[in-house]
Amino acid sequence: MTTQYWLVKSEPETYSWADFVRDKRTDWTGVRNYAARLHLKAMRPGDEVLFYHSNEGKCVVGIARVTKPAFPDTTADEDGWVAVELAPVAPLKQPVTLAQIKAEAVLKDIALVRQGRLSVMPLKSAEFVRIKKLGSG
DNA sequence: GCCAACGTTGGC
DNA sequence: GCCAACGTTGGC
């Protein structure tokens, strides 16, 4: 299976990249949206994940990796919701802002732009690479 | 099964 | 803090 690429959102006030780095790994719990759940279930260990700060920040700040595939989310009140485990790989040298992403022709169609409320979304490898490059300083 | 009302997310 | 977008809920 080839590597897949994803983007996850977190409000830095709730759980920031710094929190994530301090923790060294985290269970990505709390997703309560069917579309996002489908994406979580499709994640495989080794997949690369961009970590986006929503609200305060509005920028991609780092790269993470899937370390455990979907398992039941024990923080949910009902059965059926899942989480994955993620671990930080590296921060971006320069955060890539939403404005930068919107300005890139290659990135205009990504869900981050088109489907504003989705919290877990797939990226094509070209899209992932482009954002990574924008963040390499 | 449609659709109006409602709640939440997240950019501005 | 406001509000647009959109997902979810519930009445019919």
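Within every chain, numbering begins at 1; the chains are lettered A, B, ... in the order of the sequence lines, protein sequences first and strands thereafter. Just so you know, these numbers come straight off a predicted model, no measurement behind them.
From A:Lys9, atom NZ reaches atom CG of A:Leu118 across 6.5 Å, with rounding to the nearest 0.5 Å. A distance of 8.5 Å separates CH2 of A:Trp6 from CG of A:Leu40, quoted to the nearest 0.5 Å.
Under the 30°/60° scheme for interplanar angles, the aromatic rings of A:Phe20 and A:Phe51 are found to lie parallel.
Within the structure, side chain to side chain donor-acceptor pair (under 3.5 Å) contacts touching residues 103-122 of chain A (residues at least two apart or in different chains) are A:Glu104-A:Arg130.
Boundaries of the chain A contact region on DNA chain C are C:dA5 to C:dT8, first to last in 5' to 3' order (nucleotide atom under 4.0 Å from a heavy atom).
Residues passing the side-chain contact (heavy atoms from CB on, under 4.5 Å) test with A:Glu13 are A:Glu56, sequence neighbours excluded.
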